[in-house]
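Quick one: structure below, then a few questions.
Small disclaimer: the values here were computed from a predicted structure and weren't measured.
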Amino acid sequence: MPNLRARLLSWYDREGRDLPWRHARDPYAIWVSEVMLQQTRVDTVIPYYERFLAKFPTARALAEADEDEVLAQWSGLGYYRRARLLHQGVREVVAHYGGAVPEDPTERRGLPGVGRYTAGAIGSIAFNREEPVVDGNVSRVLCRLFGIDTPLGSAATTRRLWEEAERLVVGRRPGDFNQALMELGATICTPRSPRCSDCPAAEECESMGSEDATRLPIKARKKPPKHVALVMVVATSGRGVDRRVWLVKGDGALFGGLWGLPSAEHDPRDALRRAGLEARLKPGAPERIKHVLTHRQLDVAVHRATGVRATPSASAKPFDPRALGELGISTLTRKALEKGDLALSEALLG
């Protein structure tokens with residue numbers, strides 16, 4: 001479809017948003033942006049991307065950082081497994097490729113956390129290679145463009161989408177073409193109320209002018225989120241400027257690798273015991289938080305405890321509240337700290 005490619009590239013040159021990663025050709029910077037953009041809105045990603053690259057401007061700088069430093073920069077962005085896999089992948093690039101992201105697609109896909117999409121984005125944008133990409137926006141565009149009416153996620157749909165993307169990317173400016181497809185899905189061919197009259201692909205689109213423009217793509221049936229009840233304990237020791245809040249290292253269940261509050265399913269005493277802490281629980285009803293994750297809806301009871309007696313370890317440590325901003329902590333932990341203790345809330349905000 002040479003005419004489609006030409007029209008999409010021309011439209012992208014005129015209408016593409018001015019996003020910071022679109023000025024980059026460094027494969028490392030593109031890798032960072034693509035990982036951050038997975039399941040996350042562009043407006044949310046921009047400040048994280050800029051801070052992350054300011055802190056870790058090169059692959060070697062990221063590889064030399066410890067995990068806590070990396071997760072601190074990722075804190076609040078969510079899906080923390082992405083950060084850990086990016087960190088592992090970059091360390092492998094430094095160890096085996098001298099700090100240069102490999103141009104060979106097979107080598108790229110062998111890196112931790114680099115699947116077909118991420119490899120294709122890096123290959124096409126950074127190396128100008130004719131490598132396809134298929135993400136949520138591209139899937140929607142292609143399903144409508146070619147009238148693909150099998151459910152997303154099925155083997156048949158996945159195979160067809162990658163075949164079409166591989167066919168379309170062949171030609172000049174493959175990186176810009178891939179970004180044009182993604183931009184089209186983000187700004188014109190949107191999930192609801194697509195702006196078909198403004199679409200540069202309207203002439204070739206099988207769904208143009210029909211109900212398929214909103215019916216497609218066919219979504220796989222989602223399971224309802226699982227409701228989970230948790231208790232979390234804001235446990236402190238010391239007073240005044242010597243006051244410390246005790247945090248534990250995540251075990252991988254929800255927020256692996258992050259520092260968080262002692263938690264358990266039902267009993268705050270069990271949460272303290274599992275963290276290896278002895279403390280006095282404060283009387284009174286706990287504060288309540290509702291927090292939604294991709295597949296879970298959490299109902300959290302936040303308790304307070306004081307007078308912690310414990311020996312610091314690699315998995316449980318006391319922290320100065322003023323240093324919490326330098327740690328990798330989840331949004332849920334931040335909410336619980338703010339809800340459970342006014343002084344800690346002020347420290348987090350200040």
Side-chain angles (χ1 to χ4, degrees), residues 18-40 42 44-135 169 172-179 182 249-250 252 255-259 314 325-329:
D18 185 14
L19 303 175
W21 44 86
R22 289 184 175 163
H23 299 284
R25 285 297 177 266
D26 176 9
Y28 163 69
I30 292 164
W31 187 1
V32 171
S33 72
E34 292 299 338
V35 173
M36 286 187 169
L37 286 164
Q38 293 168 14
Q39 303 183 68
T40 308
V42 165
T44 301
V45 168
I46 289 173
Y48 280 92
Y49 172 80
E50 292 176 335
R51 286 196 300 265
F52 197 89
L53 285 187
K55 179 74 173 179
F56 311 115
T58 64
R60 192 170 297 278
L62 180 59
E64 291 174 352
D66 63 37
E67 188 175 272
D68 280 346
E69 288 182 278
V70 176
L71 293 176
Q73 294 300 313
W74 207 276
S75 182
L77 192 58
Y79 302 99
Y80 294 96
R81 185 170 181 269
R82 297 178 299 174
R84 293 194 296 275
L85 286 173
L86 173 64
H87 195 205
Q88 293 169 26
V90 166
R91 283 183 163 178
E92 191 161 315
V93 163
V94 170
H96 299 290
Y97 300 101
V101 177
E103 183 172 350
D104 180 82
T106 302
E107 292 178 338
R108 255 182 284 126
R109 290 192 63 183
L111 298 170
V114 177
R116 191 174 182 182
Y117 167 79
T118 303
I122 297 170
S124 62
I125 299 169
F127 298 120
N128 201 38
R129 295 176 64 96
E130 295 171 342
E131 296 181 33
V133 297
V134 175
D135 67 352
V169 77
R172 66 189 186 93
R173 300 172 60 192
D176 286 342
F177 178 76
N178 280 339
Q179 291 186 92
M182 292 186 275
K249 198 77 163 179
F255 304 109
L258 299 177
W259 288 98
E326 301 171 10
L327 293 178
I329 59 176

Any side-chain heavy-atom pair of Gln38 and Thr118 under 4.5 Å: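 They are in side-chain contact.
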
Atom pair CD1/CD of Ile30 and Gln179 - distance to nearest 0.5 Å: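 Answer for the CD1-CD pair, Ile30 versus Gln179, is 7.5 Å.
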
Stepwise ring-ring contact (aromatic ring centres under 6.0 Å, His included) test for Trp74 and Tyr79: CA-CA 9 Å; Trp74 207 276; Tyr79 302 99; 10.0 Å; no

Minimum-distance pair of heavy atoms, taken over all atoms of Ala65 and Arg91: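 Heavy atoms only, the tightest pair is O-NH2, 2.8 Å.
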
Trace of the side chain to side chain contact (heavy atoms under 4.5 Å, CB included) decision for Ile125 with Asn178: CA-CA 8 Å; Ile125 299 169; Asn178 280 339; 5.6 Å; no

Inter-residue atom distance Tyr117.OH - Leu37.CG, 0.5 Å rounding: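 The distance works out to 7.0 Å.
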
Greater than 12 external heavy atoms within 6.0 Å of Arg51's CZ: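 Yes, CZ of Arg51 has more than 12 neighbouring heavy atoms, counting only those of other groups under 6.0 Å.
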
For Ala314 against Trp259, the heavy-atom pair lying closest together: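 Scanning both residues, the minimum pair turns out to be O-CH2, 3.5 Å.
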
Distance in Å, Glu67 CD paired with Leu258 CG, rounded so as to fall on 0.5 Å steps: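 Atom-to-atom, Glu67:CD and Leu258:CG are 8.0 Å apart.
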
Glu92 side chain to Gly89 backbone, donor-acceptor under 3.5 Å: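 Answer holds: no.
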
Residues Leu77, Arg82; criterion side chain to side chain contact (heavy atoms under 4.5 Å, CB included); working and verdict: CA-CA 10 Å; Leu77 192 58; Arg82 297 178 299 174; 3.7 Å; yes

Flag side-chain contact, heavy atom, 4.5 Å: Trp31 against Leu111: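 In contact.
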
Steps toward side chain to side chain contact (heavy atoms under 4.5 Å, CB included) verdict (Leu86, Leu62): CA-CA 9 Å; Leu86 173 64; Leu62 180 59; 4.1 Å; yes

Backbone of Leu71 reached by a side-chain donor or acceptor of His87 within 3.5 Å: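 No.
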
Heavy-atom pair with the smallest gap, counting every atom of Ala29 and Leu53: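 Scanning both residues completely, I find the closest heavy atoms to be CB-CD1, 3.9 Å.
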
Residue pair Val90 / Ala59: nearest heavy atoms and the distance that separates them: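 Nearest pair, atom of Val90 first, then Ala59: CG1-O, 3.0 Å.
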
Validation row: Pro20, Ile46 side chains within 4.5 angstrom (heavy atoms):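 Contact flag for Pro20/Ile46 side chains = yes.
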
Point-to-point distance, once rounded to the nearest 0.5 Å, from CD1 of Ile122 to OH of Tyr28: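 Interatomic distance, Ile122 CD1 to Tyr28 OH, rounded to 0.5 Å: 11.5 Å.
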
Exam field: side chain Arg129 to backbone Gly123, donor-acceptor pair closer than 3.5 Å: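 Not at all, since once roles are kept as given, no pair shorter than 3.5 Å links the two residues.
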
Side-chain heavy atoms of Asp68 within contact of Lys249, under 4.5 Å: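 Yes; the side chains approach each other to less than 4.5 Å.
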
Residues Arg109 and Glu131 bridged, charged N to O under 4.0 Å: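 Glu131 and Arg109: not salt-bridged.
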
Value rounded to 0.5 Å, distance of CG in Asn128 from CZ in Arg25: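 So the CG of Asn128 and the CZ of Arg25 are separated by 8.5 Å.
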
Shortest non-hydrogen separation from Ala61 to Phe56 and the atoms involved: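 The answer is O-CD2, 3.9 Å.
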
Between CH2 on residue Trp21 and CD on residue Glu50, distance to nearest 0.5 Å: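 These two atoms lie 8.5 Å from each other.
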
Step-by-step side chain to side chain contact (heavy atoms under 4.5 Å, CB included) determination, His23 to Asp18: CA-CA 8 Å; His23 299 284; Asp18 185 14; 2.5 Å; yes

Closest contact, heavy atoms only, Tyr49 versus Ala24: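 Distance-wise, the nearest heavy atoms are OH-CB, 4.1 Å.
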
